[in-house]
Q: 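Quick one: structure below, then a few questions.
Note: hydrogens, waters and symmetry copies are ignored here, and every other heavy atom, side chains too, is used.
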Amino acid sequence: MCLAIPGKVVEIVDPENHLAKVEVGGVKRNINISLLDAVEEGCYVLIHAGFALSKIDEREAEETLRLLQEMDSYEEEFDQYRSSLD
Amino acid sequence: MKFIDEYRQSDLAHKLAEEIARLTDQPLKLMEVCGGHTHTIFKYGIEDLLPPNIEMIHGPGCPVCVIPLGRVDDSISIAFQPNIIFTTFGDMMRVPGSKTNLLNAKAAGADVRMIYSPLDALKIAKKNPDRHVVFLALGFETTAPSTAMTVLQATKDRVENFSVFCNHIMIVPALLGLLDSPDLKLDGFLGPGHVSTVIGTRPYEFVAKEYGKPLVVSGFEPLDVLQSVHKIVKQIIEGRAEVENQYGRAVARDGNPKALRAIFEVFEARDYFEWRGLGSIARSGMKLNRKYAAFDAELKFAVPGLRIADPKACQCGEILKGVKKPWECKVFGTACTPETPIGSCMVSSEGACAAYYNFGRLSKVAERSGMNSAVARG
Ligand code: SF4
């Protein structure tokens, strides 16, 4: 029950009451965004128990993936390097 | 879905697992503290991917699994008091108390309702001014801000027929309890990701500094978990113990200041809180502070408040500490299943027993326990 899921903010419904419409897997629901600063349409947030808990940092997300992929290519090179030995 | 699919690429997962295997063949025990990680590990068969020298120990980070019997009994007793609407999260409905659970209480006539957010409970209170709505609040620092914000909202809207039965718990005292437990031998920790969106990564620094264990805060997709294991193993073979953040896309070092402020405004630590399986842990639970006493269900209702021992057959305590595996419990999969749970680790899909039962690799269970696979799950 501790899971939070990523959703896309599709509309700021009621700025005064900090409500935004967030879409998760095609399903939209109003989510309270008062725990975050500067939530805009189009950004991704992690939601839990009706509240957005954090904004997903796209740059960081790409960085994580880049590191993973880099390791992948490093490994190919390593394999080539290793097989070149015999 | 964005931010999900790209962290599920199986070719990368296999590569990562190979890379981990290449790092060391030294036997290592790593604990994933959080039930969300337990779920990922089973759902995607990560134990099968990892080299055999790496053993994942499933920790106590499932708030439903650690709520003690006595608190469930107290909840049921509140739910049966006159004129009450009792609300809580779906996961809580089947958690066994000493005699029954909330689902049965509902069938027996108590007005128990499942909600998605504590704000929904407040809405129900506003719609039913002649009844009193109680919200059974539970969860770690992930969930506590939503309860706190709801109490603040109720204060602002002057709602008088709403109160909270607070069972929120804190992750750091639980970690301390584990680290100080003598029967526990761990080489590193996969740190909980969603709790950390709120508290940040700073509060874990003592794990590295004082206990010399690496801790990597991790996301919840299979590649997140594998990359975190890779980072932990790398620290170990390089002789480092640090707190690292694999889940940088959602977790900042200082967490979410607004969420923390809400927690500190509304709650204070209890001297002690009882955890199922782990016993009483100092300053590990939250209660509403004096300022918000008007919303404290514990002050409004006489609850039995009994301490009730866990069922004898149930090994949840050993399992939560990682000393035993679910399949070592005699009633696992026979008397105890997700439909008829005896212990709380079988209730939530994040509990270790339920995860083994739902996704468990039977071959692995059989091979490790020396049983033949037909016996493993009847
Ligand atoms: S199988 Fe059931 S009884 Fe056994 S430890 Fe797990 S939850 Fe407890």
Side-chain angles (χ1 to χ4, degrees), chain A residues 1-10 16-19 22-27 29-39 42-79 82, chain B residues 1-4 6-7 9 11-12 15-16 18-19 22 34-36 39 61-64 89-92 115-120 138-140 142-143 145-147 149-150 153 192-195 197-198 219-220 223-224 227 230 246-252 255-256 258-259 262 348-350:
Chain A
M1 66 153 282
C2 240
L3 279 183
I5 43 175
K8 183 177 186 175
V9 176
V10 291
E16 203 173 310
N17 290 308
H18 309 283
L19 287 181
V22 177
E23 183 190 331
V24 179
V27 183
R29 192 193 196 276
N30 277 354
I31 293 293
N32 187 303
I33 50 169
S34 56
L35 294 173
L36 300 178
D37 291 320
V39 175
C43 73
Y44 281 78
V45 290
L46 270 185
I47 54 178
H48 174 73
F51 286 81
L53 279 187
S54 74
K55 272 205 280 190
I56 300 180
D57 185 327
E58 305 218 11
R59 228 178 27 118
E60 280 283 346
E62 276 159 21
E63 180 63 13
T64 305
L65 283 171
R66 194 185 61 78
L67 285 175
L68 281 166
Q69 255 127 22
E70 202 168 78
M71 203 182 67
D72 192 17
S73 56
Y74 165 79
E75 201 196 349
E76 268 163 32
E77 249 166 61
F78 183 82
D79 281 343
R82 193 173 43 186
Chain B
M1 234 159 45
K2 195 168 177 193
F3 297 118
I4 293 190
E6 57 268 55
Y7 295 94
Q9 305 169 45
D11 50 334
L12 275 182
K15 294 246 162 84
L16 259 169
E18 281 166 28
E19 189 66 24
R22 186 150 39 210
C34 171
H39 188 82
C62 162
V64 172
F89 299 124
D91 277 4
M92 202 46 225
I115 52 170
Y116 165 67
S117 164
L119 287 172
D120 299 342
L138 76 159
F140 286 97
T142 327
T143 321
S146 56
T147 305
M149 294 301 283
T150 303
Q153 188 70 44
H194 291 138
V195 169
T197 61
V198 175
F220 292 85
L223 288 182
D224 290 320
Q227 192 180 29
H230 183 261
Q246 183 275 338
Y247 201 27
R249 64 185 185 276
V251 171
N256 179 331
K258 283 189 172 174
S348 156
S349 61
E350 291 152 46

Q: Name the region of A:L36, side chain, backbone, both or neither, that has any atom closer than 4.5 Å to a heavy atom of chain B.
A: both

Q: Who are the side chain to side chain contact (heavy atoms under 4.5 Å, CB included) partners of B:S117, not counting sequence neighbours?
A: A:F51, B:L119, B:D120

Q: Which atoms of A:L46 are under 4.5 Å from chain B, going by heavy atoms: the side chain, the backbone, both sets, or neither?
A: side chain

Q: Between B:Q246 and chain A, with a heavy-atom cut-off of 4.5 Å, which part of the residue counts as in contact: side chain, backbone, both or neither?
A: both

Q: Under a 4.5 Å cut-off applied to non-hydrogen side-chain atoms, are B:V64 and B:F89 in contact?
A: no

Q: Heavy-atom pairs under 4.5 Å with chain A: which of B:G248, B:G90, B:A252 has the most?
A: B:G248

Q: Flag the pair B:F220 / B:H194 as yes when their ring centroid distance falls below 6.0 Å, and as no otherwise.
A: yes

Q: Of the listed residues (B:H39, B:Q227, B:M92), which shares the most heavy-atom pairs with chain A below a 4.5 Å separation?
A: B:Q227

Q: Side chain, backbone, both or neither: which part of A:R29 has a non-hydrogen atom closer than 4.5 Å to chain B?
A: side chain

Q: What heavy-atom pair brings A:N17 and A:N32 nearest, and what distance separates the two atoms?
A: O-ND2, 4.2 Å

Q: Quick one: list whatever passes side-chain hydrogen bond (donor to acceptor under 3.5 Å, both in side chains) with B:T150, sequence neighbours left out.
A: none

